[in-house]
Amino acid sequence: MDRIDAVTAPTAPVTTAHRPVLVVDYGAQYAQLIARRVREAYVYSEIVPHTFSTEQLLAKNPAAIILSGGPSSVYAEGAPAVGADLFAAGVPVFGICYGFQAMARALGGTVAQTGLREYGATDATALAGASSILEGTPELQNVWMSHGDSVQEAPEGFEVLACTAGAPVAAFADPARKLYGVQWHPEVKHSDFGQTVLENFLFREAGLEPDWTTGNVIDEQVERVRAQIGTGRAICGLSGGVDSAVAAALVQKAIGDQLTCVFVNHGLLREGEAEQVERDFVAATGARLYVANEQERFLSALAGVTDPETKRKIIGREFIRAFEAAEAAIVAEAADAGEPVRFLVQGTLYPDVVESGGGEGAANIKSHHNVGGLPEDLQFELVEPLRSLFKDEVRSVGAQLGLPAEIVGRQPFPGPGLGIRIIGAVDEERLALLRKADAIARAELTASGLDSEVWQMPVVLLADVRSVGVQGDGRTYGHPIVLRPVSSEDAMTADWSRLPYDLLARISNRITNEVDGVNRVVLDVTSKPPGTIEWE
Ligand code: XMP
């Protein structure tokens, strides 16, 4: 996933004409998932921090508000509270898990620490006659729970809709005030009727229309980009990945040849990647493309470096230098030579915006280098047409803009490329070896029809490890290749993909037979956490 970098102001607003459903983030990872589920119902949603005052929330003119789950107990010291004034504003509000308890507490209900915790799959029973947000769901339903405290008594005016063994009030509604809540997590797929409950809130109770589509996004963003750039000139770094390609295609649609795309070939690409950008992207968009062949620059800077963070920093630094050189060349070549490029297009996505703007101190696990990203002193004004979108929405925008399936459907590939998939120093020989193994693994995965089952499948060369093997009649002492297929929704967490054994066998046979210097293929069976997706 492309990451936000230092030049993007984290607080810049996400812009769209639709009134948002605001998801108030009480921590944990649920808020993003809730926002996605709302958008899957074709309703526009945005995440805001729980530190927003009622005034700030209402200033966004929300169509409805959802209070998310969170890790806190409403009794914990410093636990975020909800101002009771929010519930008197006439905006429909739906509390989930922590948000449900915070709502109950703010309105005079009782929340208790009973010691009866519920985690994971739980049976919820609807009370006789309950409908509202439970309309169309069965009396007994499987819901996903994660709570210690529970609501014992609903506030005055609320009807209790459901209970579980550990939660006498597991769902409630006050249709007169348009206030609703559930103890469980409807946004999690393990809650069998989760999406129905969420859509009941949006459509039945809050009266919203499902009218937000990625088609609207294209029209809206094309207008905005035109207004922002006017007659100016823009450049866009292409990484070969989905995000930068879609951002570039959208801006190209808006301003045509005022945009030049820059593709830095750093020599750490996979087989066929440079050709794909040069041929397929240009064919689909007609965009002007400047290719900077900078393999030598990167390889000499990386020579002998084994530390992962040092590699990432070097690649980031050299990328900036290569990009600056490219920009200078573009300006010199242009008909109106001397007119500087004022705008830089970046494929920043919504999760990047949320992660960097959340300000809750997400740990810096790795310094993610966004290949489209550049330092502050280049003084570009940023153009970020995708900053309100999730990855799957970006793919859908890309497809509507006519980008080929090979680009739109691509697995995420990190900016530092194969440089961080060689464990040990990077050199041309090792890159060639890994490129070959990677191409085989990708081809076999595609041939098996399982591309859509995996989020991505890094192929890693353990260049500093050797093991003994036997091939033909002789002893070998070669390197292992690691296959790291993972399934994930957003790369924040991941699980290892259970690929069929016969597919793994084919990949292993082909790699050990066809790639000189590799005599062993191993499978990484670690989830994230504890392992990250990439090895470096
Ligand atoms: P990790 O290894 O942190 O990766 O679990 C999460 C996702 O991010 C991708 N990734 C990167 N993407 N620049 C990028 O644009 C980077 O430096 C980078 N490092 C990791 C990784 O492939 C996975 O999808």
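Order of listing sets the numbers, starting from 1, for every ligand and every atom in it. Just so it is clear, the values below take in all heavy atoms, side chains as well, and ignore hydrogens, waters and symmetry mates.
Looking at Arg421 and Glu534, a side-chain N of the basic residue comes within less than 4.0 Å of a carboxylate O on the acidic one, giving a salt bridge. Electrostatic pairing of Glu318 and Arg321 counts as a salt bridge here, judged by a charged N lying under 4.0 Å from a carboxylate O.
For the side chain to side chain contact (heavy atoms under 4.5 Å, CB included) with Leu445, the lone residue among Ile440, Leu483, Leu499 that qualifies is Leu499.
Considering each of Pro458, Gly415, Ser488, the one bringing a non-hydrogen atom nearest atom 14 (C) of ligand 1 is Gly415.
Side-chain contact annotation: Gln252 with Thr285, donor-acceptor N/O pair under 3.5 Å absent. In this model, no donor atom of one side chain and acceptor atom of the other lie less than 3.5 Å apart for Asp495 and Ser487.
Set against the non-hydrogen atoms of Pro416, the atoms of ligand 1 under 4.0 Å away are 13 (N), 16 (C), 17 (O).
The shortest N or O to N or O distance between Ile420 and ligand 1 is not under 3.5 Å. Polar contact check, Lys528 against ligand 1: a nitrogen or oxygen pair lies under 3.5 Å apart.
In this structure, Gln411 falls outside the shell of residues with a heavy atom less than 4.0 angstrom from ligand 1. The shortest heavy-atom distance from Trp535 to ligand 1 is not under 4.0 Å.
With a 4.0 Å cut-off on non-hydrogen atoms, Pro412 touches ligand 1 through its side chain and not its backbone.
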